[in-house]
Asker: 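Pasting a structure here, questions to come.
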Protein chains: 2
Amino acid sequence: MDITEVAKVSGFPASTLRFYEEKGLIQSTGRVGLRRLFNSDVLERLALIGLGRGAGFSLDEISEMFTPEGPEINRALLLAKADELDRKIKELTAMRNGLRHAAVCNAPNHFECPKFLRLLRVAGKNRFRQPSKLKENKFK
Amino acid sequence: MDITEVAKVSGFPASTLRFYEEKGLIQSTGRVGLRRLFNSDVLERLALIGLGRGAGFSLDEISEMFTPEGPEINRALLLAKADELDRKIKELTAMRNGLRHAAVCNAPNHFECPKFLRLLRVAGKNRFRQPSKLKENKFK
DNA sequence: ATAAAAGTTCAAGTCAACTTGAAGTCAAGT
DNA sequence: ACTTGACTTCAAGTTGACTTGAACTTTTAT
């Protein structure tokens, strides 16, 4: 397939496909002249990338999941990501419930509505920091 | 409370709190000299902001949810956001299942494992584009 | 009274993830 | 042979969400 077909089917613009290839997230299988050729299995990969991005993983994290760095490392990594997703699913569920309630609640301000606050508080467990921004500069 | 206490309790750095105040997402209740004073209810608000950010909403979207623009507009908006979350929850669940399977699967490449692919494909429904990047420039 | 600590403003810098623009290369149809 | 349009590279620009730095003002401790 050529790049425009992949773009059409996957929903990613061609510029993004080139960008992803440069980053090593996808591969083209060859060229016709200058033009890239893609094997159709790139579509699965792109779908997974889209899913991962939607789940809040960075491109770097996603490529880590793709490439098994060691025999055991990767297995543990995948399970850790799965647990991360479980936590996030809980949060999203709490927020969704909060929104649904807020939409039918006639309290003047949601922050004064005990039910709304209770719905949100469920999510507050096991949450200390923003997930994406940890930098781990313990050692200067 | 002063800004460092809010920072400590909420987990957001002081710089972020100032930034959020400037953006109108939170308010300080007064000053002592130059220094901001916060009412403790800002903590609820911050928790909700954190939840919203984690769910992938932009700061602009979050502030829209806070401020009732009209009598009915807001209600519909909240329900729409809740539906968006429902879709995302489905995706995350599919991805989580995919990861858990991948961690125990001994196929050489996950893209060749039919179970993995099937798990992911569940999520592919009702997904055309990335949620965050729509720009709607239909009219040039 | 004085110096350090903590807070302030405002402009500029950073980072990830793309997108856009300019200039060039090909491949195909007429 | 030639034009057109799809594709290419590479550098630079954009956006959202913050962070950092420099210069300044209080508050608090000694």
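Protein chains get the first letters and strands the later ones, always in sequence-line order, with residue 1 at the start of each.
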Asker: With no hydrogens and no angle check, is any side-chain donor or acceptor of B:R31 less than 3.5 Å from a backbone partner on B:L37?
Answerer: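 Here the side-chain-to-backbone pair does not exist.
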Asker: Hey, is the side chain of B:T4 poking within less than 4.0 Å of OP1 or OP2 on C:dG7, counting only N and O atoms?
Answerer: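 For B:T4, the contact criterion (side-chain N or O under 4.0 Å from OP1 or OP2 of C:dG7) is met.
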Asker: Give a yes/no answer on whether the side chain of A:R36 brings an N or O atom under 4.0 Å of OP1 or OP2 in D:dT9.
Answerer: yes
Asker: Taking the minimum atom-to-atom distance to the side chain of A:T16, which one of C:dT19, D:dC18, C:dA6 wins?
Answerer: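 Nearest listed nucleotide: C:dT19.
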Asker: Thinking salt bridges, do B:R96 and A:D86 make one under a 4.0 Å N-O criterion?
Answerer: yes
Asker: Going by heavy atoms closer than 4.0 Å, what residues in residues 18-31 of chain B are next to DNA chain D?
Answerer: B:F19, B:Y20
Asker: Could you give the CZ-to-P distance, from B:F12 to D:dA17, as a whole number of Å?
Answerer: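 For the pair B:F12 CZ and D:dA17 P, the rounded distance is 12 Å.
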Asker: If you check every side-chain atom of B:R35, which of C:dT19, D:dT8, D:dT26 has the closest atom?
Answerer: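 Among the listed nucleotides, the one closest to the side chain of B:R35 is D:dT26.
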Asker: Figure out the CD1/C1' separation between A:I3 and D:dT9, and round it to whole Å.
Answerer: 12 Å
Asker: Between atom NZ in A:K8 and atom C1' in D:dA6, what is the gap in whole Å?
Answerer: 12 Å
Asker: Can you figure out which of D:dT19, C:dT20, C:dT25 approaches the side chain of A:S15 most closely?
Answerer: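 Taking heavy atoms from C-beta onward, the closest nucleotide is C:dT20.
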Asker: Using five pairs at each end of the helix from C:dA1-D:dT30 to C:dT30-D:dA1 to define an axis, what is the angle between those two axes, to 10°?
Answerer: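 Inter-axis angle at the termini of the helix from C:dA1-D:dT30 to C:dT30-D:dA1: 10°.
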Asker: Are A:F19 and A:F12 close enough that their ring centres sit under 6.0 Å apart?
Answerer: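 No, too far apart.
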Asker: Rounded to whole angstroms, how far apart are CG on A:L17 and C1' on D:dA6?
Answerer: 15 Å
Asker: Measure the distance from CG on B:L37 to C1' on C:dG7 and round it to the nearest whole Å.
Answerer: 12 Å
Asker: For the pair made of CG in B:L59 and C1' in D:dT19, what is the distance, rounded to whole Å?
Answerer: 14 Å
Asker: Once you round it to whole Å, what is the distance between P of D:dG16 and CD1 of B:I62?
Answerer: 14 Å
Asker: Between the main-chain N or O of A:A103 and the side-chain N or O of B:R75, is there a donor-acceptor pair closer than 3.5 Å?
Answerer: yes
Asker: What side chain to side chain donor-acceptor pair (under 3.5 Å) pairs are there with at least one residue in residues 101-115 of chain A, not counting sequence neighbours?
Answerer: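 Sorted result for residues 101-115 of chain A: empty, none.
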Asker: Is there a donor-acceptor pair under 3.5 Å between the side chain of A:E61 and the backbone N or O of A:S58?
Answerer: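 Such a contact is found between A:E61 side chain and A:S58 backbone.
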Asker: Could you point out which residue of B:L85, B:D83, B:L79, B:L77 forms a side chain to side chain contact (heavy atoms under 4.5 Å, CB included) with B:K81?
Answerer: B:L77
Asker: Check for a donor-acceptor pair, side chain of A:S28 on one end and backbone N or O of A:F38 on the other, with a separation under 3.5 Å.
Answerer: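 Between the backbone of A:F38 and the side chain of A:S28 there is no qualifying donor-acceptor contact (under 3.5 Å).
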Asker: Closer than 3.5 angstrom, by distance alone: can the side chain of A:R45 be matched with the main-chain N or O of A:I49 as a donor-acceptor pair?
Answerer: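 No.
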Asker: Closest-nucleotide mapping onto DNA chain D: is A:D2 or B:D60 further toward the 5' terminus? I mean the 5' end.
Answerer: A:D2
Asker: In whole angstrom, what separates B:F57's CZ from D:dA17's P?
Answerer: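 Computing the B:F57:CZ to D:dA17:P distance gives 13 Å.
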